[in-house]
Amino acid sequence: MEHDNTGHSEIRIKGVAVSQGIAIGPAFVLGVDHAEIVLRSVNEEEAEAEIVRFHAAIDKAKKELAIIGEETRRLLGEKNAAIFDVHQLLLEDPELVGETVRRIRAFKQNAESVFLQVIEQHEQTFSHLDDEYLRARVADLRDVKRRVIRHLLGTQHAASASLTQPGVVIATDLMPSDTMHQRREFVLGFATEMGSRTSHAAIMARSLKVPSVVGLGDVCRFLNSGDPIILDGNAGEIIIHPAPGTLQHYQLLQQRFLEYSRKLEHGRRLPSRTKDGKDIDLAGNIEFFEEVRPALEDGAMGIGLYRTEYLYLMQDDLPSEEDQFNEYVRFIRAAGEHPIIFRTFDLGGDKAQRHFHVHQEANPFLGFRGVRLYREREDVFRTQLRAILRVSAFGRVRIMIPMVACVSEMRYCRSVLEDIKAELTAQNIAYNPDVPLGAMIEVPSAAVTADLIAKECDFLSIGTNDLVQYSLAVDRGNKYVDQLYRVFNPGVLRLIKDTIRHGHEQGVWVGMCGEMASDPLATMALIGLGLDEFSVSPVSLTVIKEIIRRVNFDECENLADRVLSYSTPDEVETYLSSVFRRKFKDLLFYETGKPRGHSN
């Protein structure tokens, strides 16, 4: 067991990496609100006074949020200030506020205890949902809960202390407002016990471009403010009381990462073009409005995958045409001259049940999801298409259909789209009549008949996450078989090759929006297979572009031929790793040692 200079044992804790980089410095543990809430019974007259006190606390919380939101706009821009607009809406939620008032009157109890009961019921419901986006909204509920209860009790925010020197901020669950209490120049990184990649705080950490790790469990019990700590936002790990050898290693790694980041910085505004002049489109995958600007600033030429289903998951009712139009307009205006591919809602399994009353399925991933829902609920599909077409009058819009398995599904979608165009024309509503329509190739039957499907499309985009899963009959979320989920399986590579070839034979371009496109180890092979567009995770944009700019197309073709000659994924990875180390040694700033599979 290794010890630091004070005699403490080194402790390593794994979490989820949400923002790249390495931070080394003292821990700054945010306090937790420990005020005890005592249940009190009140009479009828006192209950009305409690309701008045509750509304006053809500008003104070709103004013506080307005100030924080304005400060956020000034420091971080509109996209990050939108977080606090969400919190304002929660404070106006008739279910949350109305239910609290109703219970105070019905049960004759004090406001803070009733409000705590109501909001924690909402937290419990959200935290048990399978959808990651909705689980991430628990942090917003907790932020609102803490804020209102503080005003009801007349206490100060226990976690509002600010850094007075550089440090790594540690918290049980970092609320978006917590980040705004900190002086940005002192924040070396963020680490939390809870949270996910899609939480607002994680998005803000990426916007601030500071290393961040979430999901660390009960890390706060190991830490006191001032304890030396290393935060590895690349590998998703923190090291408490690092031993001298560990500290020296990470100081070197930190320097290498800074050199790596500076090296990639210059390429953001350069074209995504091989050394011998072949242009490759490079786009970003996004889900939230906050991600549009950073993706474009990091060199994306557009958005190659905008996942629209979050709108259906964040509210109890189906989003109206106006709801969707207003939201999509924000995205298209933020994108400016750059195109956005809108993937129509891809809901299935537990997600679909919320709005579509789908029966419980033994295997929802092979069931009623994606495009298969559209015929059943054409009204919902038409509403979304109308909103997207209307937005096309304001920018460059493309539409992509998920989970396509056969030609008839694309023909159906095309017919609905054309029918809606006729409606809009008759109603004298502006839209672009030439909006491209594409298919997402993520089902093996679609890959092997890509030549037929391409005849019905303007483009194809390969979704490798599901294509690998379905091709190999491996549930990527099943820990007993997830080691079989290998993107470099020869069967998968052949499906990708044939999809690209079939698309080109029919005169349509072929992109990839799955995680494989974000893997630097796969870049040369995919170029060599003829891929026209890479749509990648925003954090991968600069490194993928750097690789594209350093290679020749013909050498990539030769590499792809070599890759296709191997019989196992291990052979493919060994070969690609050897090439990568030889050509891009300076880009190897840390090691994962994991076989290439699904990484989220």
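FYI, side chains are in, hydrogens and waters are out, and symmetry mates aren't considered; it's all heavy atoms of this structure. Sequence positions, counted from 1, serve as the residue numbers for this chain.
- Distance CD1/Ile401 to CG/Leu417: 8.0 Å, rounded to 0.5 Å.
- When the salt bridge (charged side-chain N to carboxylate O under 4.0 Å, His left out) test is applied to Asp458, the partners found at least two apart in sequence or on another chain are Arg414.
- For the atom pair CG (Leu467) and CE (Met512), the distance works out to 8.0 Å, reported to the nearest 0.5 Å.
- Expressed to the nearest 0.5 Å, how far CZ of Phe342 lies from CG of Leu305 amounts to 11.5 Å.
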### Message
Run Glu99 and Arg102 through salt bridge (charged side-chain N to carboxylate O under 4.0 Å, His left out) and show every step you take.
### Response
CA-CA 5 Å; Glu99 179 65 10; Arg102 188 191 69 77; 2.9 Å; yes
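- With rounding to the nearest 0.5 angstrom, the CG atom of Leu559 is 10.0 Å from the CD1 atom of Ile527.
- Partners of Arg411 by side-chain hydrogen bond (donor to acceptor under 3.5 Å, both in side chains), not counting sequence neighbours, listed by chain and number: Glu456.
- Lys545 places none of its side-chain heavy atoms less than 4.5 Å from the side chain of Pro271.
- Heavy atoms of other residues, nucleotides or ligands lying less than 6.0 angstrom from CZ of Arg494 number 12 at most.
- Counting non-hydrogen atoms of neighbouring residues, nucleotides and ligands closer than 6.0 angstrom, the CD atom of Glu337 reaches no more than 12 such neighbours.
- One finds a salt bridge joining Arg390 and Glu322 here, because a Lys/Arg side-chain nitrogen approaches an Asp/Glu carboxylate oxygen to under 4.0 Å.
- For the residue pair Leu91 and Val97, the shortest heavy atom distance occurs at O-CG2, 3.2 Å.
- Of the possible donor and acceptor atoms, none in the side chain of Arg382 sits under 3.5 Å from a partner among the backbone N and O of Val416.
- With a 4.5 Å cut-off on side-chain heavy atoms, Val397 and Asn432 do not count as touching.
- Counting heavy atoms from C-beta outward, Ile420 and Tyr431 have side chains that stay 4.5 Å or more apart.
- Scanning both residues, Arg343 and Thr308, for their nearest heavy atoms gives O-OG1, 2.7 Å.
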### Task
Report the C-alpha distance between Ile462 and Ile500 in whole Å, list the side-chain angles of each, state the deciding distance to 0.1 Å, and finish with yes or no for side-chain contact (heavy atoms from CB on, under 4.5 Å).
CA-CA 9 Å; Ile462 303 170; Ile500 296 170; 4.2 Å; yes
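- Residue Met524 holds its CE atom at 4.0 Å from SG of Cys556, rounded to the nearest 0.5 Å.
- For Asn489 (side chain) and Val468 (main-chain N/O), no donor-acceptor pair under 3.5 Å exists by modelled atom type.
- In this structure, Gly304 and Ser535 approach most closely via the heavy-atom pair CA-OG, 3.1 Å.
- When all heavy atoms of Phe345 and Tyr312 are compared, the pair lying nearest together is CD2-OH, 3.4 Å.
- In this structure the side chain of Asp532 reaches within 4.5 angstrom of the side chain of Val510, judged on heavy atoms.
- Between Ser392 and Val435, the shortest heavy-atom distance links the atoms CB-CG2, 3.5 Å.
- In this structure, the side chain of Glu291 engages the main chain of Glu287 through a donor-acceptor pair within 3.5 Å.
- Distance check: Cys457 SG to Ile399 CD1 gives 12.0 Å after rounding to the nearest 0.5 Å.
- Side-chain atoms of Pro294 and Pro538, non-hydrogen and from C-beta on, never get closer than 4.5 Å to each other.
- Every residue two or more places apart in sequence or in another chain that forms a side-chain hydrogen bond (donor to acceptor under 3.5 Å, both in side chains) with Asp498 is listed here: Arg501.
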### Query
Please walk me through it: do Ile286 and Val292 pass side-chain contact (heavy atoms from CB on, under 4.5 Å)?
CA-CA 7 Å; Ile286 66 163; Val292 180; 3.5 Å; yes
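- Within a 6.0 Å radius of NZ in Lys145, other residues, nucleotides and ligands contribute more than 12 heavy atoms.
- Checking side-chain atoms of Asp276 against main-chain N and O of Asn552 turns up no donor-acceptor pair under 3.5 Å.
- Every residue was checked against the side-chain hydrogen bond (donor to acceptor under 3.5 Å, both in side chains) condition with Ser471, not counting sequence neighbours, and none meets it.
- Remark: Phe331 pairs with Phe289, Tyr306 by the ring pair (Phe, Tyr, Trp, His ring centres under 6.0 Å) rule, at least two apart or across chains.
- Ionic pairing of Arg377 and Asp379 is present here: one or more N-O contacts between side-chain nitrogen and carboxylate oxygen are shorter than 4.0 angstrom.
- Remark: the backbone N or O of Lys62 is paired with a side-chain donor or acceptor of Gln88 at under 3.5 angstrom.
- Of the possible donor and acceptor atoms, one in the side chain of Asp93 sits under 3.5 Å from a partner among the backbone N and O of Glu95.
- In this structure, Met516 and Leu531 have side chains that are not in contact, with every pair of non-hydrogen atoms separated by 4.5 Å or more.
- Summarising the geometry of Pro402 relative to Thr344, their closest heavy-atom pair is CD-OG1, 3.2 Å, with the distance given to 0.1 Å.
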### Intermediate values then yes/no, side-chain contact (heavy atoms from CB on, under 4.5 Å), Ile548 and Thr274
CA-CA 5 Å; Ile548 290 170; Thr274 63; 4.2 Å; yes
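- Salt bridge status for Arg375 with Glu409: absent, with no side-chain N to carboxylate O gap under 4.0 Å.
- Residues meeting the side-chain hydrogen bond (donor to acceptor under 3.5 Å, both in side chains) test with Arg268, sequence neighbours left out: Glu265, Asp298.
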### Task
In sequence, state the C-alpha distance, the side-chain angles, and the governing distance for Gln384 and Tyr328, and then conclude on side chain to side chain donor-acceptor pair (under 3.5 Å).
CA-CA 10 Å; Gln384 183 176 40; Tyr328 299 159; 3.1 Å; yes
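- When side chains are defined from C-beta on, Glu442 counts as touching Met403, because their heavy atoms get closer than 4.5 Å.
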### Message
Is there a side-chain contact (heavy atoms from CB on, under 4.5 Å) between Asp346 and Arg307? Walk through the geometry before answering.
### Response
CA-CA 8 Å; Asp346 186 11; Arg307 306 176 184 94; over 6 Å; no
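- A donor-acceptor contact shorter than 3.5 Å links the side chain of Ser518 to the backbone of Ser537.
- Within the 4.5 Å cutoff, the side chain of Met400 has heavy atoms near those of the Phe459 side chain.
- Tyr374 contributes no side-chain N or O that, together with a main-chain N or O of Tyr412, makes up a donor-acceptor pair within less than 3.5 Å.
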